[in-house]
Amino acid sequence: MIDEIPKQYSPSDTEERWYSFWEENNLFSAKVNHEKKPFTILIPPPNITGILHMGHALNNTLQDILVRYSRMRGLESLWMPGTDHAGIATQNVVEKAIAKEGFKRQDLGRDKFIERVWRWQEEYGSTIIRQLKKLGASCDWQRLRFTMDEEYSKAVVEVFLRLYEKGLIYRGTYIINWCPRCHTALSDEEAAHREIKGSLYYLRYPLEQANRQTGKQANYIVVATTRPETMLGDTAVAVNPKDKRYKNIIGKTITLPLVNRRIKIIADSIVDIKFGTGAVKVTPAHDPNDYALGKKHRLDFINVLNPDATMSELAGPYKGLERFKAREKIVEDLKALGLLEKIEPHDLSAGHCYRCHTIVEPYLSKQWFVKMGPLAKSAIKVVKEGKIKFYPNRWTKVYLNWMENIQDWCISRQIWWGHRIPVYYCGSCKEGDGVIVSRIKPEKCPKCNSSDIHQDEDVLDTWFSSWLWPFATFYRKDDLAYFYPTSTLVTAPEIIFFWVARMIMAGMEFQNKIPFKDVYIHGTVRDAEGKKMSKSLGNSIDPLEVIKEYGADALRFSIISITAQGQDVFLSKEKFEQGRNFANKVWNASRFILINLVFEKVNFDLCVFFKKEALSPVNRWILSRFFSILSEVEKCLEKYRFNEAANLLYGFFWHEFCDWYLEIIKSDIQNPHNQLIMYKVLEKSLRAMHPFMPFITEEIWQKLPHEGLSIMVSKWPHIQKQIIDKEIEKEMAEVFEVVSAIRNMRLALDIPLASLDIQVKIYPANKNNRLLLESNASYIKSLAKVKSLAIEDKFLHLKNEYVNVLKGMHITIPLTGIIDIDKYLKKINDKILGAEIDIKSKKAMLNNKNFIQRAPKEIIEAEKNKLEALNEEAKKLRGLRDGLKA
RNA sequence: GGGCUCAUAGCUCAGUUGGUUAGAGCGUUGCGUUGACAUCGCAAAGGCCAGAGGUUCAAGUCCUCUUGGGCCCACCA
């Protein structure tokens, strides 16, 4: 047997084998089963461009723990997997690929390009799925969904139509976030605000009348701006009506420099008197505030930018210049004209494209929007009523705050890859805007019968399909009825707005039911310095490398045990050693048991008739501890306290089961009770640890006597409450304290644990002590490696005995014949003397005024610390000496 | 401007509704190996729980403020 089981656990040998086994036996699949309650988790669909990173590893391990746990608890457990078509991200990747071949998507044309993306998706789109399997994810792969599946796409179109018919989708010209690199509109959420170091430019705008009337030096008004290039599109200057400085010039005209446009000075209370000069240039086509001002005061909207962020036709002499080049040039030109007052450094936050990190432009364009206010209402209600709960709870506030201030959602994207907007336009219709919203392309215009019909060129925001994920993934009605609402959503904080909030709105709007009951928000994975782990920063640890080196179980266990609820996770490679070491510990404890287990002796039926009274204290103790721990583990999992659950199992298995229990029964391992209990506790522990470490637990479980096909479909251990015995737990804890005390005494006396036999006498403090010691004497003897243990009636400190006091008990070791007392005492006394001499000299040093006054502080501090250490040492030695009676 | 979060052992962090002696991993020190495991065992050292005030019989935990990190949101021209 020993030869069969290697001393070290080798994950690579076992993981692939068991994963295939689970898949081949269909153990991941869930079906409608009205005998059982359902438990459903939807994977946050990774992008098809995605490659497994530590964030995924954490996210999916958490989900797998929940699913495996609930599966073992007898719930019909479905983990629905799938991928997201990730419009912009995927289009960017494929564009890069064809760029290597020397052409652009426009060269291919829309249809050919889309074909190309599909081919790319077939080849690379499931990379992350294969990687999730390496992690051990027990998803029902037969249900693998993709947001561009035909059925899924139908749902997207259906939803668009329903919202349109309800008047919740509209088209209009507004300022949106425009990414000049991706050439598309973005939603507010997709334009992530980041601090940038910018400048505040103070520009002089000449006043027309002043010039004429005085004929003197040009009189001007100074405006401050962070984006001087937009001045080309200015159509007013605004001041606060209460601002005394500008009271007299409201309504007057300015000649806009460089383009010589005549614009008015208007008054509006929105202007902050304290900011800049209190006068603000108004560019209605390039700023959301200015847009509002423009509407209110009926100003002109002049778009001076092209979609690629070069200056447009309307930028006059600057036409064609890139926006930042134009900025430089304009500042230069204004300076030359004496119209640049000053430039101040100014930090501001600007939107960045969440896909390519380019600074986005506020840009006036015609887009499709979803009216969010009406959708938010019931989504707010269900969270306020506690029907959906966030873990940790603090995210509730974040969610509600966003929902209560919700803005309309720009859903059209000027890219090709995605769900094309189901809107058609009649080319010859004279009435209205010619918009036809339809599930399929209409043959003829319903109004004028023209067949000159073309579809809207834009596609929908990727999140417009993702928000349907909780129900659109169920392609069969009975599945939807059974598995929806789902149970728990496990996700990261950064997508609460993108996804979680919108799913709740969609669930309420289209199913009239919440999409999930619990939302568990885990932390962000960071490196040792606290920076977010990301490919672009180059600080990421590749989970696949970790799996290769340490094993998937080690990765899973490590990452879980260091992830406190909702806190960020700080990772470094060494942290995976903890998981690897634990896996190895489990492996070797099992190896020991397998070597010593006589299979025939493990009578399964025997335990049914076991009364706990029949068992030895240590067997009662380990069973009680196991069930106590298990009940805590369950409580933790109910509350999504994964790390606590993992650490409880870790501590129990390693320190209680291995370090104490197995060590105790080693000497009597053939005893049938010990055989049975060590087997039982191991087997149950494996089941309890399986959700956390699926591979190694399966590997060992299969080697043990077992019933059933696989540990993953075995039952979660049932807590036998009558076996939990707090008395025995307390009693054994005290026994272990006595053992530790004796071990300490041996160490102090330099008596190695292995070599000499010692005889220990204990004088109990009271009756309870006596009972405790008497009934556990054999354990104490074997654990402390004591030859004999006598429980005495009366404490007498005899000659040549070393005494230690623990909770009123006197533990003594007679030293005659074991060590040479005189020699030992002399050694100790010498040490004490030596220490005292050192103390004396240190004290003298510290009492020396010259030293104190002249020596550097650090040195004095160090000397003080040395003195303290010496005092400690001497105290210990005296204790040792006083415990001895020579 | 609003909000959230963190500060506990040398390092990285746990510590649920207040309740005996504040824990773990790593690191350090000492001892230990032919008997499951050195990816190990037995021990040890190491904490004014950021600072100040308050509530309480009782505060690492609750309240207020201060200091110093991190994050999110907002129409900071």
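Proteins get letters first, then strands, A, B, ... in listed order; numbering begins at 1 in each.
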Asker: Does either side chain, that of A/E737 or that of A/S740, offer a donor lying less than 3.5 Å from an acceptor on the other one?
Answerer: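 Per modelled atom types, A/E737 and A/S740 side chains form no pair under 3.5 Å.
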
Asker: A/H655 near the nucleic acid: base, sugar-phosphate alone, or nothing, with a heavy-atom cut-off under 4.0 Å?
Answerer: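 Sugar-phosphate contact only.
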
Asker: Distance check: side-chain N/O of A/K666 vs OP1/OP2 of B/rA36, anything under 4.0 Å?
Answerer: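 Answer is yes, contact under 4.0 Å.
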
Asker: Expressed as a whole number of angstroms, how long is the span from A/D272:CG to B/rA74:P?
Answerer: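 These atoms are roughly 19 Å apart.
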
Asker: Hey, would you say the A/W409 and A/F369 ring centroids sit under 6.0 Å apart?
Answerer: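 No; A/F369 has its ring centre 6.0 Å or more from that of A/W409.
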
Asker: Can you tell me how far P in B/rG47 sits from the matching atom in B/rC11, rounded to whole Å?
Answerer: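 12 Å, rounded to whole Å.
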
Asker: Name the nucleic acid region contacted by A/Y9, choosing base, sugar-phosphate or nothing; use a 4.0 angstrom heavy-atom cut-off, strictly under.
Answerer: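 Here A/Y9 touches no strand at all.
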
Asker: Are OP1 or OP2 of B/rG41 and a side-chain N or O of A/K585 less than 4.0 angstrom apart?
Answerer: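 So the side-chain polar atoms of A/K585 do come within 4.0 Å of the phosphate oxygens OP1 or OP2 of B/rG41, strictly under.
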
Asker: Taking the six-membered ring for Trp and the full ring for Phe, Tyr or His, determine whether the centres of A/Y354 and A/F498 are under 6.0 Å apart.
Answerer: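 Centroid separation for A/Y354 and A/F498: below 6.0 Å.
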
Asker: May I ask you to verify if any side-chain N or O of A/N401 is less than 4.0 angstrom from the OP1 or OP2 atom of B/rG2?
Answerer: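 For A/N401, the contact criterion (side-chain N or O under 4.0 Å from OP1 or OP2 of B/rG2) is not met.
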
Asker: Determine whether the aromatic ring centres of A/Y520 and A/Y391 lie less than 6.0 Å apart.
Answerer: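 Ring centroids of A/Y520 and A/Y391 are no less than 6.0 Å from each other.
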
Asker: Could you give the distance separating B/rC40 and B/rC26 at their P atoms, to the nearest angstrom?
Answerer: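 Straight-line distance between the two P atoms is 7 Å.
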
Asker: Please list each protein N or O that sits under 3.5 Å from an N or O in nucleotides 15-18 of chain B, with the distance.
Answerer:
{"residue": "B/rG15", "atom": "OP1", "partner": "A/R641", "partner atom": "NH2", "Å": "3.2"}
{"residue": "B/rU16", "atom": "O2", "partner": "A/K639", "partner atom": "NZ", "Å": "2.4"}

Asker: In terms of side-chain geometry, is the basic nitrogen of A/E729 or A/K726 positioned less than 4.0 Å from the acidic oxygen of its partner?
Answerer: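 Looking at A/K726 together with A/E729, the answer is yes, because their closest N to O distance falls below 4.0 Å.
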
Asker: By the 4.0 Å heavy-atom rule, please label A/C658 as base, sugar-phosphate, or nothing.
Answerer: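 Here A/C658 touches the bases of the nucleic acid.
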
Asker: Between A/K281 and A/D234, is the salt bridge (charged side-chain N to carboxylate O under 4.0 Å, His left out) condition met? List the steps.
Answerer: CA-CA 6 Å; A/K281 60 191 269 315; A/D234 285 359; 3.0 Å; yes

Asker: For RNA chain B, which residues of residues 274-285 of chain A approach it to below 4.0 angstrom with any heavy atom?
Answerer: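 Under 4.0 Å from RNA chain B: A/F275, A/A279, A/V280.
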
Asker: Could you check whether A/K573 pairs with A/E549 (Lys NZ or Arg NE/NH1/NH2 to Asp/Glu carboxylate O, under 4.0 Å)?
Answerer: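 Looking at A/K573 and A/E549, the cut-off is met.
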
Asker: Mind checking side-chain contact (heavy atoms from CB on, under 4.5 Å) for A/K548 and listing every partner two or more places apart, or none if nothing turns up?
Answerer: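 Residues passing side-chain contact (heavy atoms from CB on, under 4.5 Å) with A/K548: none at all.
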
Asker: Less than 4.0 Å between a side-chain N and a carboxylate O, is that true for A/E656 and A/R625?
Answerer: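 Salt bridge present between A/R625 and A/E656.
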
Asker: Reading 5' to 3' and counting Watson-Crick or G-U wobble pairs with both distances under 3.5 Å, write the dot-bracket notation for RNA chain B, | for bases paired outside the strand.
Answerer: (((((((..((((.....[...)))).(((((.......))))).....(((((..]....))))))))))))....

Asker: Within the structure shown, what part of the strands sits under 4.0 Å from A/D287 by heavy-atom distance: base, sugar-phosphate, or nothing?
Answerer: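 No contact.
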
Asker: Which pairs, with at least one residue in residues 263-276 of chain A and sequence neighbours excluded, count as a salt bridge (charged side-chain N to carboxylate O under 4.0 Å, His left out)?
Answerer: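 Found A/D268-A/K296.
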
Asker: Using heavy atoms to find the nearest nucleotide of RNA chain B for A/W395 and A/I562 separately, return the residue whose nucleotide is more 5′.
Answerer: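 Upstream on the strand: A/W395.
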
Asker: What's the gap between B/rU17 and B/rC63 when it is taken at their P atoms, as a whole Å value?
Answerer: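 Pairwise P distance, B/rU17 against B/rC63, rounds to 11 Å.
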
Asker: Quote, to the nearest angstrom, the C1' distance that separates B/rC13 from B/rG19.
Answerer: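 To the nearest whole Å, 24 Å.
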
Asker: Distance check needed: B/rC72 C1' versus A/I521 CD1, whole Å only.
Answerer: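 Between C1' of B/rC72 and CD1 of A/I521: 13 Å.
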
Asker: Please compare A/A192 and A/D290 by the position of their nearest nucleotide in RNA chain B and report the one closer to 5'.
Answerer: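 Its nearest nucleotide being more 5', the pick is A/A192.
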
Asker: Are there any protein N/O atoms within less than 3.5 Å of an N/O atom in nucleotides 43-45 of chain B, and if so, which ones and at what distance?
Answerer:
{"residue": "B/rA43", "atom": "OP1", "partner": "A/S740", "partner atom": "OG", "Å": "2.9"}
{"residue": "B/rA43", "atom": "OP1", "partner": "A/R743", "partner atom": "NH1", "Å": "2.9"}
{"residue": "B/rA43", "atom": "O3'", "partner": "A/N744", "partner atom": "OD1", "Å": "2.9"}
{"residue": "B/rA43", "atom": "O2'", "partner": "A/N744", "partner atom": "OD1", "Å": "3.0"}
{"residue": "B/rA44", "atom": "OP1", "partner": "A/N744", "partner atom": "ND2", "Å": "3.4"}

Asker: When you compare B/rC71 with B/rG53, how far apart are their C1' atoms, in angstrom units rounded to a whole number?
Answerer: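 Each nucleotide's C1' atom is 29 Å from the other's.
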
Asker: For residues 221-237 of chain A, which residues have at least one heavy atom under 4.0 Å from RNA chain B?
Answerer: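 Under 4.0 Å from RNA chain B: A/A224, A/T225, A/T226.
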
Asker: Under the side chain to side chain donor-acceptor pair (under 3.5 Å) rule, collect the residues that match up with A/Y661, sequence neighbours excluded.
Answerer: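 Partners of A/Y661 by the side chain to side chain donor-acceptor pair (under 3.5 Å) criterion, ordered by chain and then number, come out as A/N619.
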
Asker: Does a side chain donor of either A/W701 or A/E683 reach within less than 3.5 Å of an acceptor in the other side chain?
Answerer: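 Yes, side-chain donor-acceptor contact under 3.5 Å.
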
Asker: A/Y550 and A/R580: side-chain donor and acceptor closer than 3.5 Å?
Answerer: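 On atom types as modelled, these side chains do not qualify, holding no pair under 3.5 Å.
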
Asker: Does a side-chain N-to-carboxylate-O contact under 4.0 Å join A/E404 and A/K384?
Answerer: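 Answer for the salt bridge query: yes.
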
Asker: Students often get this wrong, so: under 4.0 angstrom with heavy atoms, is A/E494 touching a base, only sugar-phosphate, or nothing?
Answerer: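 A/E494: no heavy atom of the nucleic acid under 4.0 Å.
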
Asker: Among residues at least two apart in sequence or on other chains, which ones pass side-chain contact (heavy atoms from CB on, under 4.5 Å) with A/K730?
Answerer: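 Result, side-chain contact (heavy atoms from CB on, under 4.5 Å) vs A/K730: A/E734.
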
Asker: OP1 or OP2 of B/rG41 versus the side-chain N and O atoms of A/W654: is any pair under 4.0 Å?
Answerer: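 Checking A/W654 against B/rG41: at least one side-chain N or O falls below 4.0 Å of OP1 or OP2.
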
Asker: Which part of the nucleic acid, if any, lies within reach of A/F582 when heavy atoms closer than 4.0 Å are counted: base, sugar-phosphate only, or nothing?
Answerer: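 No contact.
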
Asker: Do any side-chain nitrogens or oxygens of A/K397 fall under 4.0 Å of OP1 or OP2 in B/rG3?
Answerer: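 A/K397 to B/rG3 OP1/OP2: no side-chain N or O under 4.0 Å.
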
Asker: Atom NE2 of A/H286 to atom P of B/rA77: distance rounded to whole Å?
Answerer: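 Checked: the NE2 to P distance equals 16 Å.
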
Asker: Would you tell me if any nitrogen or oxygen in the side chain of A/H193 comes within less than 4.0 Å of OP1 or OP2 on B/rC71?
Answerer: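 No, A/H193 has no side-chain N/O under 4.0 Å of OP1/OP2 on B/rC71.
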
Asker: A/R580 near the nucleic acid: base, sugar-phosphate alone, or nothing, with a heavy-atom cut-off under 4.0 Å?
Answerer: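 A/R580: base contact, heavy atoms under 4.0 Å.
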
Asker: Kindly list each side-chain donor-acceptor pair under 3.5 angstrom involving residues 552-564 of chain A, sequence neighbours excluded, with atom names and distances?
Answerer:
{"residue": "A/D553", "atom": "OD1", "partner": "A/F695", "partner atom": "N", "Å": "3.2"}
{"residue": "A/D553", "atom": "OD2", "partner": "A/F695", "partner atom": "N", "Å": "3.4"}
{"residue": "A/D553", "atom": "OD2", "partner": "A/I696", "partner atom": "N", "Å": "2.7"}
{"residue": "A/R556", "atom": "NE", "partner": "A/F692", "partner atom": "O", "Å": "3.0"}
{"residue": "A/R556", "atom": "NH1", "partner": "A/D64", "partner atom": "OD2", "Å": "2.8"}
{"residue": "A/R556", "atom": "NH1", "partner": "A/L135", "partner atom": "O", "Å": "3.1"}
{"residue": "A/R556", "atom": "NH2", "partner": "A/D64", "partner atom": "OD2", "Å": "2.9"}
{"residue": "A/R556", "atom": "NH2", "partner": "A/P691", "partner atom": "O", "Å": "2.8"}
{"residue": "A/S558", "atom": "OG", "partner": "A/A554", "partner atom": "O", "Å": "2.7"}
{"residue": "A/S558", "atom": "OG", "partner": "A/K575", "partner atom": "O", "Å": "3.3"}
{"residue": "A/S558", "atom": "OG", "partner": "A/G579", "partner atom": "N", "Å": "3.1"}
{"residue": "A/S561", "atom": "OG", "partner": "A/F557", "partner atom": "O", "Å": "3.4"}
{"residue": "A/S561", "atom": "OG", "partner": "A/S558", "partner atom": "O", "Å": "3.2"}
{"residue": "A/T563", "atom": "OG1", "partner": "A/I559", "partner atom": "O", "Å": "2.4"}

Asker: Applying side-chain contact (heavy atoms from CB on, under 4.5 Å), name anything that partners A/V398, two or more places apart in sequence or on another chain.
Answerer: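 Testing A/V398 for side-chain contact (heavy atoms from CB on, under 4.5 Å), a comparison that skips the adjacent residues, returns A/W395, A/F497.
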
Asker: Mind checking the C1' distance from B/rA44 to B/rG3? Whole angstroms is fine.
Answerer: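 Result for the C1' pair: 47 Å, nearest Å.
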
Asker: If you look only at pairs with a residue in residues 283-292 of chain A, which of them pass as a salt bridge (charged side-chain N to carboxylate O under 4.0 Å, His left out), with sequence neighbours excluded?
Answerer: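 As it turns out, the salt bridge (charged side-chain N to carboxylate O under 4.0 Å, His left out) pairs with a partner in residues 283-292 of chain A, which skip direct neighbours, are A/R227-A/D287.
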
Asker: Choosing from B/rA77, B/rC13, B/rG25, which nucleotide comes nearest the side chain of A/Q578?
Answerer: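 The listed nucleotide nearest to A/Q578's side chain is B/rG25.
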
Asker: Rounding to the closest angstrom, what is the interatomic distance between B/rU20 and B/rG25 at atom C1'?
Answerer: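 Result for the C1' pair: 26 Å, nearest Å.
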
